[in-house]
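Bear in mind that the values here come from a model prediction, so they are computed numbers and not experimental data. Chain A is the first sequence line, chain B the second, and so forth, proteins listed ahead of strands; every chain is numbered from 1. Only heavy atoms go into these numbers, but all of them, side chains included; no hydrogens, no water, no symmetry mates.
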2 protein chains.
Amino acid sequence: MQNSTPHSTPIRPVESLQVACASCNLRELCLPLGLSTNDLDRLDTLVNRRRTVPKGEQLFRSGDNFAALYAVRTGFFKTSVTSEDGRDQVTGFQMAGELLGLDGISTDRHHCDATALEDSSVCVINYADLESLSQHFTALQHSFHKIMSREIVRDQGVMLLLGSMRAEERLAAFLLNLTERLEARGFSGTAVVLRMTREEIGSYLGLKLETVSRTFSKFQDEGLLEVKQRQIRVLRADALQQMVANATR
Amino acid sequence: MQNSTPHSTPIRPVESLQVACASCNLRELCLPLGLSTNDLDRLDTLVNRRRTVPKGEQLFRSGDNFAALYAVRTGFFKTSVTSEDGRDQVTGFQMAGELLGLDGISTDRHHCDATALEDSSVCVINYADLESLSQHFTALQHSFHKIMSREIVRDQGVMLLLGSMRAEERLAAFLLNLTERLEARGFSGTAVVLRMTREEIGSYLGLKLETVSRTFSKFQDEGLLEVKQRQIRVLRADALQQMVANATR
DNA sequence: CGAAACTTTGACAAACGTCAACACAGGTGG
DNA sequence: CCACCTGTGTTGACGTTTGTCAAAGTTTCG
């Protein structure tokens, strides 16, 4: 579905506004970042399809043919890789404005699963179209390269976390990253509702779910958080910061 | 330095042969992968500079301005990230044909250090030139995207290792990955000389150097390896394989 | 309302890190 | 050429962190 509101109606309903990249309120967080208004119109020719993914369903799976990238519009996803022998690792959580599917470019097949953790919707970005549009459209190409590179930098940060932090530090870093991203989207960074289970957090952080649960309880006992199952209130972000920033190892 | 051997001398010395991508023996492992001979000549206009990096020196550091990518010609590198508080994590080891510097695209500054673990040389690929050449050169653009995506997939594999494997499994996976890449370059996959210290291996694998050393000794006791400091002989790759493939967690 | 999925907590075990001592190799300067 | 120094690697004893197993409480959803 494309934004085809006629020029005669300058004031468009919110629903319609959200359809075009140029007027999407995620444009500062998504692929359009850094593009001019003019450029955005051309980007819209690319992003011409939407897809909804119900909670628990997968947007794509490891082994699926790769044909498109997906920008999260609403909802929340996790990506996870599974080795042949069944080892499972959550590699990231994605929220509005973040891109899914970059792993698929390498071999034209996806290398991870993307699962919706709540009812979600995505913009479908046909990859062949993106490549050909990039050919004539320097700013888009550059923007896309930056996004891929940013993902590589993010992954290096996760390696640092997994390789050098202890349980408390990992959870603190996770919470701070989450609240930061939520705040960038206009949500509260103190009253947070987790979309994932303790097991999924644990998988992402290289910990067992019991360790995650215990660490939440410990943070609560210390007055850093208020924890009611998935409802988290961050009381002392500064203390979490210091935990991450003070290497004891 | 560009390859300007005249047409009148079809048989060129090996030294000169190596200068052009088209005749580089790394072309199957490097950026040129998948490009036609014709395309390769155009790629050569891009790769017009070499740089040597003595053992222990850095090719680039975190915070350096980003202007170019580097393809390893000879030698061996490590990349590592350091957090503000001094935590250090080796994020990869790079050998001939592998690309360094992709992290820099995101913010025009490097986010990791690249250190030569032995006297090394690299091809300098000016990034601005790469972007503009990609504009007119579909195959190159596609090839470059695949390389970035492959890096993302590789990173996911490291996360799986760090998040879900125990010490023995990590070291086994590390050794198998190393021997596989050495074999792809025509080196022995059984008689290996490690270019990095136990501490660097440990950092990469999220283990302390003592644990790495102990695990090497254990593998030797079990007859899987012969370990003489950095000289490793792989005696039972199959047993290492099975160790990685059999999740006990 | 009841089953299933998720979370919390405790007791105990295993894996890995810490600290320390010593061995070994390579390079430098006397 | 040897002595020495420094960086690196090995090994042991012990401590800490995290995982494992189990039970019970809580929420969600059909």
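We find that CG of B:L207 is positioned 14 Å from C1' of D:dT18, with the value rounded to whole Å. In this structure, the CD atom of A:Q220 is 9 Å from the P atom of C:dT8, given to the nearest Å. Atoms CD (B:E199) and C1' (D:dG9) sit 12 Å apart, rounded to a whole Å. As a whole-Å value, the separation of A:K218 NZ from C:dT8 C1' is 17 Å. Rounded to an integer number of Å, the gap from CZ of B:F219 to C1' of D:dG9 is 17 Å. Rounded to whole Å, atom P of C:dG17 lies 14 Å from atom CZ of B:R87. Atom pair B:L117:CG and D:dT8:C1' shows a separation of 14 Å (rounding to whole Å applied). For the pair A:K208 NZ and C:dC6 C1', the interatomic distance rounds to 16 Å; values are reported in whole Å.
Residue pairs meeting the salt bridge (charged side-chain N to carboxylate O under 4.0 Å, His left out) criterion with at least one member in residues 97-114 of chain B, sequence neighbours excluded, are A:K146-B:D108, B:E98-B:R181, B:E98-B:R185. Contacts classified as ring pair (Phe, Tyr, Trp, His ring centres under 6.0 Å) and involving residues 59-92 of chain A (residues at least two apart or in different chains) are given here: A:F60-A:Y70, A:F60-A:H110, A:F66-A:H110, A:F66-A:Y127. Applying the salt bridge (charged side-chain N to carboxylate O under 4.0 Å, His left out) test to every pair with at least one member in residues 187-201 of chain B, sequence neighbours left out, gives these pairs: B:K78-B:E200, B:E118-B:R195.
A:G206 comes within 4.0 angstrom of the backbone, heavy atoms only, and of no base.
Contact check of residues 188-198 of chain B against DNA chain D (heavy atom, cut-off under 4.0 Å) returns B:T197, B:R198. Of the residues in residues 76-85 of chain B, not one comes within less than 4.0 Å of DNA chain D through any heavy atom.
Side-chain N/O atoms of A:R230 include none lying less than 4.0 angstrom from OP1 or OP2 on C:dC6.
Checked against side-chain hydrogen bond (donor to acceptor under 3.5 Å, both in side chains), B:Q94 has the following partners two or more places apart in sequence or in another chain: B:T79. Here A:E168 pairs with A:K218 under the salt bridge (charged side-chain N to carboxylate O under 4.0 Å, His left out) rule; sequence neighbours left out. Every side-chain hydrogen bond (donor to acceptor under 3.5 Å, both in side chains) that B:D85 has, sequence neighbours left out, goes to B:S83. Looking at residues two or more places apart in sequence or on another chain, you find a side-chain contact (heavy atoms from CB on, under 4.5 Å) between A:T52 and A:S121.
Rounded to the nearest 0.5 angstrom, A:T107 OG1 and A:N65 CG are separated by 9.5 Å.
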>> Walk along nucleotides 25-30 of chain D from 5' to 3' and tag each nucleotide B, S or - by protein heavy-atom contact under 4.0 Å, base first, then sugar-phosphate.
In response: --S-S-
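Residue A:R61 qualifies as open at atom CZ: its count of foreign heavy atoms under 6.0 Å is 12 or below. Other residues, nucleotides and ligands contribute only 12 or fewer heavy atoms inside 6.0 Å of the CZ atom of A:R236. At most 12 heavy atoms of other shown residues, nucleotides or ligands fall within 6.0 angstrom of atom CD in B:Q242.
Bending across the helix from C:dC1-D:dG30 to C:dG30-D:dC1, expressed as the angle between its end axes from five pairs apiece, amounts to 40° (10° rounding).
Within the 4.5 Å cutoff, no side-chain heavy atoms of B:N246 are placed close to those of B:E169. The shortest distance between side-chain heavy atoms of A:L175 and A:V234 does not fall below 4.5 Å. Annotation: side chain of A:F216 is in contact with side chain of A:I201 (closest heavy-atom distance under 4.5 Å).
In this structure, the side chain of B:R27 engages the main chain of B:C24 through a donor-acceptor pair within 3.5 Å.
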Close N/O contacts between protein and nucleotides 9-14 of chain C (under 3.5 Å):
{"residue": "C:dT9", "atom": "OP2", "partner": "A:S217", "partner atom": "OG", "Å": "2.4"}
{"residue": "C:dG10", "atom": "N7", "partner": "A:R214", "partner atom": "NH1", "Å": "2.9"}
{"residue": "C:dG10", "atom": "O6", "partner": "A:R214", "partner atom": "NH2", "Å": "3.1"}
{"residue": "C:dA11", "atom": "N6", "partner": "A:R214", "partner atom": "NH2", "Å": "3.4"}

